[in-house]
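The structure displayed is predicted, hence computed values, not measured ones.
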Amino acid sequence: MNDQYELYCLADRLFYDTLDGRRGDHTDFPLAVRDVPDGWEHQATDTWMHYAPLATRTPPQGWKIHVSACLEDAERAMEAVWDYCVARDIAFKFLRNRPVMTMLNSKAAARGSSGKLVTIYPLDEAQLELTLKELDELLRGVKGPYILSDLRYGQGPLFVRYGGFVARRCLSENGERVLAIEDADGRLVPDVREPAFSLPSWVTLPEFLEPHLAARNAVTTNDLPYTIESVIQFSNGGGVYLGRNLGTGERVVLKEARPYAGLDAADRDAVTRLAHERDMLERLAGLDAVPALVDYFTLGDHHFLVQEFVDGNPLQRLLVQRYPLTRATCDRETIAEYTSWVLDVLPKVRQAVESLHGRGVVFGDLHPNNILLTAEGRLVLIDYEVATLAEDRGRAALAHPAFGPPPDRQGVEIDVYALACLCLGLFAPQLTIMLPLDRAKVVQLAALVTETFPVPPEVVEEAVRTITGPAPMTVRPIPRPGLDPWPQVKAAMGQAIMASATLDREDRLFPGDVAQFQPGGGINLAYGAAGVLYALERSGMRRLPEHEDWLRRKALAPDPGTGIGFYDGLHGVAYVLDLLGHRQDALDTVELCLREKGDALQLGLFGGLAGIGLNLLHLGVTAHERALIDLAFQIVDICADRLGGPEDVPETSGGADPRAGLMYGSSGPALLFLRAYERTGDTSLLDRAAVALRQDLRRCVSSEDGTLQVSQGWRTLPYLDEGSVGIGLVLARYLAHRDNEDFRAALGGLRLVTQGRYFVQPGLFTGRSGMIAALAAGLGPAPHDPDIDLAEQIHGLGWHALPYGDGLAFPGDQLLRLSMDFATGTAGVLFAMSTALHDRPVFLPFTEPPGGTGALTVALPVHGSAERLRSHELLKEV
């Protein structure tokens, strides 16, 4: 689970939102509402409160000081820093409230940045040394988690790191726009923020910090009676390692806990929970379903629990391997085999849980990753850090959101509820995570499960009764995609979207993904108002001028830091404004983009040069603006120059490598080359498109079911954004112009992913709706009937359909909250269904069928001279 999503769940029960002291039941720290000192400027974000003296110019980078504190010491530490820094004109920032502090130091929080309560920005090394020395005295006794990315100063709560003071960005090696600092030659390079202290190669550690580095390096694991062989997983609370007992040679598992880190809902840290787990394992000793406790020790201030190594697979891994509905070759036999396997596993899990209850223990954290199955048939439950005593009738302070019970369940009822969710979850993976949004959704999920799998109805009915409880459950009727008439379904989605609008807010108009709270995210095409208005217009919904006026106003005065890309920035906004009839606003918005430098832009469609080039070409032709057309073809040349050859990309996508696919990979430039070819007839552009497509195909692998999917090394992706179906859309367009036997064979495998019958998310970019849009564009594989395939996929949206107001809505990424945006939510679902069912053709931007091969609509340049490439500010330093 992405911790950022959990953070944005705190403010509202239905939508992702910011926790800024105005929403939710939480208030800011008292310091956050103190008057800003005279001569100081102040900026508030959803997590931080920034303060800087107007008379002193803070440098763009340098040594920064971080103050760590536990919850009990937080306000004391912040007030001491405020008084110290204000008196000395030193810029600083602090977390704005307790819930934000807890979430950013939770078990799921990012390990590299966790623990930071306050950041201080000294002007130089002399001020750095003095500030550390004096604050070390002022903050004596303050306790807090170790900040893994930093070097600790002494034994107190102060940590230091060299990095950026202001937000500057550059391209990383994987093509992402990341925070940057200047190297010794003045070039912007990534500001690396790993969970281990390191120095940029051109920076020298100040002499006064050398003893502190030596103290850090003096702590080793050399004297332990165990050797660590590999990492099983990391969390902000510590790590889990596979090791070996040096005395016996037996393999063991070591669990590490860091003090004051990895907080849970009860504000317990990882050390407290690990000691509790030790006590639970001692109480449960001898049970076959429980790993044996081997040892418990401390190293420095870290605690370690050593337990029996169980050589088994997590149930979650087996579920992914066996689940039949994600395969293109799924048939009744494989569905029956899977059902039989589930019905064999479920009683074993129940028996294991009940063996804990026999010892008076509630497991409290039952989910497929905490269930191990060995080849010999042993089933073991792991991770007892939130287990409770049944007699206490308590509730776990940590729980998987798909298995966490409502507030009315206590004691053993918590495990019984999780068992019921497991029963449904093995047939509908992850979807019980939606139940807090509408508990009655379980009734529809149960109906879909029994409709799809030959599971005895009484098994599912028992699970439903457990989840709903004794009170009668009211199921709110909603139109059913694929079953009820399209106009009725469309109207219900439009009604939900309109009901969610907040014209009084400046940060966003429609609730969507957490990305909308980044600069400009509330207006862009992927997550903001532009995408919602685009989907409403394409589906033929009623226009609302007040919503368009909101977007027009924000587009012409964008927030600082707003991007200029197509899906993540102002170019996409301009595209939508032009579509809505506001051409001058669109051209004015593009003019704002042209004032920005493009030195930190990658090549992709989502936020890079391909998307900008496509939009410039589109607007240049529709608005008869020759300057925009010329600039578009300059971008074509730049993309061609930077693309490289077919093998100049790794064989995997994502992580440290550049991503593949339509939105982030080489298929975006390929689409740009194809659109440029369709305007000019220059066949060299087809050659360039072929190279780009081969780069993306290089990162695809064939699965057992014959599908061709993008490989990330540890998983494969079929989706529209960085998966295979997006590549297929562009590859099919290429084949419409030039035949290629290898490409035709690849397209067959790419097309097959549209035959999957189950997708964890409904959204357009990373879910089922992307498959619907691809099928409607003609990507469905023969000999299947595309109308039948579309009907099945549209009907499949019922897995995720939820009521909102008097309408129909869908959850966004992570499924924790509803979303109305284009990339992840209801607007994207509405758009995808419109591509299949609307009375006029609907296509994703720039993917509509070509008007004709080599149609020379206007005489356009293909290659730009070096002098012309340097003539526009947008392209400088690209």
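- Between Arg393 and Glu413 there is a salt bridge, since a side-chain N of the basic residue sits under 4.0 Å from a carboxylate O of the acidic one.
- Look at Arg659 and Glu176 and you find a salt bridge, because one of the NZ, NE, NH1 or NH2 atoms lies within 4.0 Å of a carboxylate O, short of that distance.
- Figure legend: Arg278 and Tyr296 shown as a cation-pi pair, the cationic atom lying under 6.0 angstrom from the six-membered ring centre and within 45 degrees of its axis.
- Judged by the 6.0 Å and 45° rule, Arg244 forms no cation-pi pair with Tyr226.
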Would Tyr146 and Asp301 count as a side-chain hydrogen bond (donor to acceptor under 3.5 Å, both in side chains) here? Give the steps.
CA-CA 10 Å; Tyr146 197 105; Asp301 56 0; over 6 Å; no
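- Exactly one of Ile371, Val310, Asn370, Asp288 qualifies for a side chain to side chain contact (heavy atoms under 4.5 Å, CB included) with Val380. That residue is Val310.
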Derivation of the salt bridge (charged side-chain N to carboxylate O under 4.0 Å, His left out) call for Glu72 and Lys143
CA-CA 9 Å; Glu72 292 75 13; Lys143 297 180 176 61; over 6 Å; no
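- At least one donor-acceptor pair under 3.5 Å links the side chain of Asn105 to the backbone N or O of Tyr260.
- Because its NZ or CZ atom is not both nearer than 6.0 Å to the ring centre of Tyr417 and within 45° of the ring axis, Arg409 does not count as a cation-pi partner of that residue.
- Ring pair Phe403/His367 is tilted by interplanar angle, where 30° to 60° counts as tilted.
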Take Asp365 and Tyr384, measure what side-chain hydrogen bond (donor to acceptor under 3.5 Å, both in side chains) needs, and give me the verdict at the end.
CA-CA 8 Å; Asp365 196 18; Tyr384 291 81; over 6 Å; no
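- Under the 30°/60° scheme for interplanar angles, the aromatic rings of Phe427 and Phe453 are found to be tilted.
- Counted by atom type alone, Gln761 and Thr766 present one or more donor-acceptor pairs between their side chains at under 3.5 Å.
- A salt bridge does not link Arg152 to Asp150: none of the charged side-chain nitrogens sits closer than 4.0 Å to a carboxylate oxygen.
- Donor-acceptor pairing under 3.5 Å is recorded for the side chains of Ser114 and Asn236.
- Under the 3.5 Å distance criterion, the side-chain polar atoms of Thr432 are matched with a main-chain donor or acceptor of Ala402.
- His357 and Asp415 share a donor-acceptor pair across their side chains, judged by distance under 3.5 Å alone.
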